[in-house]
Q: 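Questions regarding the structure given below will be posed in turn.
Chain letters run A, B, ... following the sequence lines, proteins first and then strands; every chain starts at 1.
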Amino acid sequence: MTMRVRFAPSPTGQLHVGNARTALFNWLLARGSKGTFILRIEDTDVERSTRESEAAILRDLRWLGLDWDEGPDVGGSHGPYRQSERLHLYQSYAQELLAADSAYYCFCSTAQLDADRQEALAHGRPAQYAGTCRRLSREQTSARITAGEHPAIRFRIPEGRDVVFTDAVRGDVRFQTEVIGDPIIVRADGTPAYNFAVVVDDALMEVTQVIRGEDHISNTPRQVLLYEALGFTAPTFAHLALVMGPDHSPLSKRHGATSVAEFRSKGYLPEALINYLALIGWSPGGGDELLPIDELARRFSLEDVGHSAGVFDEEKLAWVNRHYLKIADPSRLAELSLPYFVKAGVPMTPDAAGIAFLASAMAMASASVDRLEQVASRLAFLFDYAPVRTLEDETMRTEMSMPDSRAVVTALVEELAAAPRLDREKFREVANRVKARTSRKGKSLFHPIRVALTGRAEGPELDLAVPAIDLGAELPASAGMPPIVGNRERAAAFLRALELGS
RNA sequence: GUCCCCAUCGUCCAGAGGCCUAGGACGUGGCCCUUUCAAGGCUAAAACACGGGUUCGAAUCCCGUUGGGGACGCCA
């Protein structure tokens, strides 16, 4: 039998990184063993499900590179893949259970149920369904229905049984049916409830391994019983330990970013997020950590998945991201960083030449930054040069007004007046001549040059930054880039600003 | 409260009875590189939760305690 796995999100919000990890583990298993990866939308909660979040989840999954073989948008032989489009199926299986007396109508009100739960808790009993409607006769039931009541349908959990299932990551897990209340399988409004819909769907879609979060482990015995009552064979289950925040509480908003969309907008690369997520609760072995997704799939195995919850560590994510930033194609990074420039107040709509320029500038930014978001400020000196503003800073003005610094700037202006466009070598020549004229060297030579030419006290290596400035200054307006002031003009403007200020 | 799951450096993993004076990675400290900030290289500190067993021998097996997490919804 070929392997079939699925990821089944409910479209009630953003794709959470914890869920993304669940999707990833399913995907890795499928891709590592020529299996089928199914995407199913669990939208039976009509109140909270939206098409917008379904679209967002699909988009995020695609961004991560997790593609599916069957799903709501691509179809497949076991569809439809939205639970809201499978209602008739649940209806007919519910009738079957009712007919076999494996299920029964329940008329209990929410208020009644709440009261029962309080009562049970108060007496130290498990907070499960009291069984009020369990023994209603067929006559009583039909009488109440004709009278206009709208009952839900509950599954009858058999008494006195031991339910054991073998979890692929944990081994045997055992529950006594005494601690399991009869679950609702169809709500009063006719829609199926989770425990029922998953079983029907996983069975009909011929899912062979159900890999999901540990929060579902206590649902599993109910589902195993449901498979049995429906005459289906249960799949293999695997429950993944949850992803926690730094304080070991479930990862949530107060810990910072939690959704895939947020990490994307902060400038993490999809391959970095994927690689990092795979490292929580699993190890590729051999001491390797930085591996592309297909290699991850090749090495993945459920048996090697850890049993304990893992803390999401954004520092380590950043380290992984730095790695992928370093090996990424510069023009791809240039494209990807566009939104961050816009957000930083540097609007641009570059053409091919503009992108090529940005890509060439990437070398001095992407290797020294955690995230794409930071590229914009790392390269801001190219587009935003304002000596007067720079000298408004007290310490900057004091520093640059010193005779030594001033001499360097003056010499720089004069040398630049005679210099052509600066490339790396030309810049070195100019720097050397300034050095000879001022007999300044090291920091006292290069620092003033840096401030004069970039308007900043720190930034990328001047060897890279200075040529980039002149390269950018030559860009035609048609390149769609903000105007870039050349080195010669910068030096002159800086000296003027310096004289004005003193 | 009841049931279930889990327990190695601050964090993520390796370790499947002797190879462990417990290994790697992130982070942290130090050093180096360096015209700045980063990045990078090297290096150091840092853990088997506790208590009982089993065994010639336990981080590894068993039991208990403690701690953490999950579930107990007409949410999924």
Q: Students often get this wrong, so: under 4.0 angstrom with heavy atoms, is A:Ala367 touching a base, only sugar-phosphate, or nothing?
A: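 Sugar-phosphate, no base atom in range.
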
Q: Ring of A:Phe446 versus six-membered ring of B:rU35: centres under 5.5 Å and planes under 30°?
A: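 Per 5.5 Å and 30° rule: yes, stacked.
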
Q: For the side chain of A:Pro250, counting heavy atoms from C-beta on, which of B:rA76, B:rC4, B:rG69 is nearest?
A: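 Of B:rA76, B:rC4, B:rG69, B:rG69 is nearest to the side chain of A:Pro250.
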
Q: For A:Arg21 and A:Cys106, find the nucleotide of RNA chain B closest to each by heavy atoms; which residue's nucleotide sits nearer the 5' end?
A: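 Its nearest nucleotide being more 5', the pick is A:Arg21.
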
Q: Counting Watson-Crick and G-U wobble pairs only, both distances under 3.5 Å, name the nucleotide matched with B:rU66, or none.
A: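 Its partner is B:rA7.
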
Q: Does a side-chain N or O of A:Thr44 approach OP1 or OP2 of B:rA76 to a distance below 4.0 Å, or not?
A: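 Yes, because at least one side-chain N or O of A:Thr44 sits under 4.0 Å from OP1 or OP2 of B:rA76.
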
Q: As a test of reading the structure: which of B:rG27, B:rC72, B:rG1 is closest to the side chain of A:Glu315, going by heavy atoms?
A: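 The listed nucleotide nearest to A:Glu315's side chain is B:rG27.
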
Q: If each of A:Phe312 and A:Tyr194 is mapped to the nucleotide of RNA chain B with the nearest heavy atom, which maps nearer the 5' terminus, i.e. the 5' end?
A: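 Going by which nucleotide is closer to the 5' end, it is A:Phe312.
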
Q: Is any side-chain N or O of A:Arg378 under 3.5 Å from a base N or O of B:rC37, one able to act as donor and the other as acceptor?
A: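 Result: at least one qualifying N/O pair found.
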
Q: Looking at the base of B:rU2, is there any donor atom on it, or on the side chain of A:Arg125, that sits under 3.5 Å from an acceptor on the other one?
A: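 When only heavy-atom distances are counted, A:Arg125 does not reach the base of B:rU2 through any donor-acceptor pair under 3.5 Å.
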
Q: Ring of A:Phe25, cation from A:Arg21 - is the NZ or CZ under 6.0 Å from the centre and inside 45° of the axis?
A: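 Yes, a cation-pi geometry holds between A:Arg21 and A:Phe25.
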
Q: With respect to the side chain of A:Glu458, which nucleotide from B:rU2, B:rG27, B:rC37 is positioned closest?
A: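 Comparing B:rU2, B:rG27, B:rC37 against the side chain of A:Glu458, the answer is B:rC37.
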
Q: Side-chain donor or acceptor of A:Lys326 under 3.5 Å from a matching atom on the base of B:rA39?
A: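 Under the 3.5 Å cut-off, the side chain and the base do not form any donor-acceptor pair.
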
